[in-house]
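Computed from a predicted structure; not experimentally measured.
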Amino acid sequence: MANCDAIAQVAVPAPFHHLFDYLLPTAEPPPCVGGRVLVPFGKRRVVGLVTGLTNETPIERRRLRAIETVLDTRPVLPEELLKLLLWASRYYHYPIGECLATALPSLLRRGRPAEPALERVWRIAPAGQTIAANALRRRAPRQARLLEILQQSARPIGCAELTDSNGDWRGALERLAARGWIAASDRPVYALRRSHTRTAAPTLNLAQSKAVRAITAALNNFQALLLEGVTGSGKTEVYLAAIEAVLAAGRQTLLLVPEIGLTPQLVARFTSRLDAPLAVLHSGLSDTERLEAWHAAGNGAAPIVIGTRSAVFAPLARPGLIVVDEEHDTSLKQQDGFRYSARDLAVVRARRLNIPIVLGSATPSLETLYNVRRGRYRQLRLPQRAGGAATPEFRIFDVRGKPLREGLSQPLQQRLQTHLDAGRQALLLLNRRGFAPTLLCHECGWIALCHRCDARLIYHHPGKRVRCHHCNYDRPVPAHCPHCAGPDLRPLGLGTQRVEAALRLAFPSAGLLRIDRDSTRGKGAFEARMAAAQRGEAQILLGTQMLAKGHHLPEVTLVAIIDADQGLFGSDFRAPERFAQLLIQVAGRAGRAAHLGEVVIQTHHPEHPLLQILIHRGYKDFAEVALKEREQAHLPPFSAMALLRAEAHEADTPHVFLAQAKASAQPAPGITMLGPVPAPMERRAGRYRAQLLLQTAHRDELQALLRNWVPRLAELEQARRVRWSVDVDPLETL
DNA sequence: AGCACGCCGACT
DNA sequence: GTCGGCGTGCTC
């Protein structure tokens, strides 16, 4: 008999790598795997999740305590998702309870009942079907109108929906119900997105149709497909067509997008093209909205679920397809706490669900390309830009020894003028916000430094302030040099605000929009600016890498990278990949409609091999060369890495802790431990930071080490004096 | 992570 | 004399 199990294994919201065993309650219904329970834990009571039922426990019987309340008689997490989270907890070596906590909506975490909230809906009753609404019209116009609406509607209609268009008709509804003409029922609230106007699908080109066929042919099996399509090649149309097929099969699609990619425009595009409601999951939702969207995904009310990183943990009633858009985007990896990669977990989940997964990008990560090469992923290419737009032309402007006006060379200014004269838009990229990255005293050479970080303060022009971009320290520019009291403090170097000022002077009649984190601070500000650009309210768009991600700007024909040098000399081994992706992504913004685009790159290193290969041979060849280099250097994806980070207020405790950690490890011969070394910016927000890098050619070796090692780190003598964290498959290592 | 216990400094 | 600082020990 299966239910003679007397012990529940419970994941508890506390930093432990193991489960806690509890006796089953006597007076309660039996708990279920995947359901929540209220348990006594130390001196408090917490909401835990049952991950298993068993008869065995290593704990002394007398020390076991009993579950206090069973909160769910049915699982809140489907078994598939629970298993995925247990797997992720082991893979990322993060406490199981905390992993589950990131997956559950906060209301459920706090013990709220798992049933969705209900709303009252009305539909026509058999007796009301044949009543002539017109006969009612004189005496009770509202009742007549309502009767008409409900007679014509196939689905029940909610109070809110009726009230919206017709004022408050609640009284009339009650009267119709009293006559037995209409009937009320309650249905769950889901806040689904749905559009009532439908946009027709464009005709797909050959490559698009081939890609769609490849995806739909795989619908009943696991297969990972890389959809590699240059910007503007119509990846979204491929997603849409594939989703149609999944809908037709009565199954759900989960679409993951980078944070900045989840715009109202994207949602509108999906709702207007697909005849199915859509649930949206992102960080801006209220607790209630999040819970409703989660329920809609979990019981299948939403055939399509779109969300950012954490949506990879959305429950799905009838999963049919997973799509990860912009799979190379770093925002898909969580950068603190439970440091999971939503892309990688999405692949694991698809494999466990035995459904296909599509990874889309114009600039795929080297990890993904390596998986294609090894035959694990299948590659689908969209080589042409949809609508026949030509590939933009690249030009390198060698700025060595040339006069620059706030970073803009003569030839660049001329190109800009030409494109503006032709009535087009230009997009200028400078990956540095603020006015100038340095404030210097001309008398003595003093530089404004952050007192909490190893960083310079950035001069911001509006309000004449200096700010630290790492800890948000912010103060007015001093009137005199704090060192020599000299009056001549000068901004040194280029930021977007400075280039903005120069451009306004040089092109006074052109409208200009600056798009960086400062100018898009408020909610929806980025959207509003991009929309204004789209409407042609500005001819020049100047900004940071945010610009590479906005939406279609068909009138942009000139893209300029003002300072390629800063991207060419990054110190992390992934810097070239990041630069290549940024360059190709912004270049893709040029000439998307009928006009030929031009991409200008200003640099002091025109011969740099990275630039040369990118502009003459393209991303694909770059990736090939970069993979070769990674292979020779034994770097990912040819090896696996994990990083142990530590930080503390005192300068050497992180180092001491990491040294103790290193000494306590029993590394297999194939594992190298590098460090401890200071982190790239050793002091940040008043904390000293250091790290220990683990590297091996064999992932299982690394996993085996971490499995024994990480749970014991908390017991190290210095562990309480530092904040430490483990990062498996880190994106930044140096 | 919480929460309690426990042992040393400045306050009504 | 106590209120309270945070070190350290524990959670099935």
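Residue contacts for A:Ile59: at a heavy-atom cut-off of 4.0 Å it reaches a base atom on one of the strands shown. If you check every strand for non-hydrogen atoms under 4.0 Å, A:Phe41 touches a base. Counting non-hydrogen atoms under 4.0 angstrom, A:Pro40 reaches the backbone sugars and phosphates but no base.
In this structure, A:Trp724 places its CH2 atom 13 Å from C1' of B:dA1, rounding to the nearest Å. The separation between A:Arg44 atom CZ and B:dA4 atom P is 10 Å, rounded to whole Å.
Using a 4.0 Å cut-off between charged side-chain N and carboxylate O, A:Glu367 and A:Arg574 make a salt bridge. For the pair A:Arg110 and A:Asp287, the salt-bridge criterion is met [side-chain N within less than 4.0 Å of a carboxylate O].
Protein chain A contacts DNA chain C over a range whose 5' and 3' limits, counting nucleotides with an atom under 4.0 angstrom from a non-hydrogen atom, are C:dT8 to C:dC12.
Side chain of A:Arg689 to backbone of A:Arg683: no donor-acceptor contact under 3.5 angstrom is found.
Taking the ring centre of A:Phe638 as origin, the terminal cationic atom of A:Arg630 falls outside the region bounded by 6.0 Å and 45° from the ring axis.
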Evaluate the side-chain contact (heavy atoms from CB on, under 4.5 Å) criterion for residues A:Arg309 and A:Tyr340: first the C-alpha distance (whole Å), next the side-chain angles of each, then the deciding distance (0.1 Å), finally the verdict. CA-CA 9 Å; A:Arg309 192 171 55 229; A:Tyr340 64 95; 3.4 Å; yes
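Looking at which nucleotide of DNA chain B each of A:Lys43 and A:Ala14 is closest to, the 5′-most match is held by A:Ala14.
Annotation: side chain of A:Leu49 is in contact with side chain of A:Val76 (closest heavy-atom distance under 4.5 Å).
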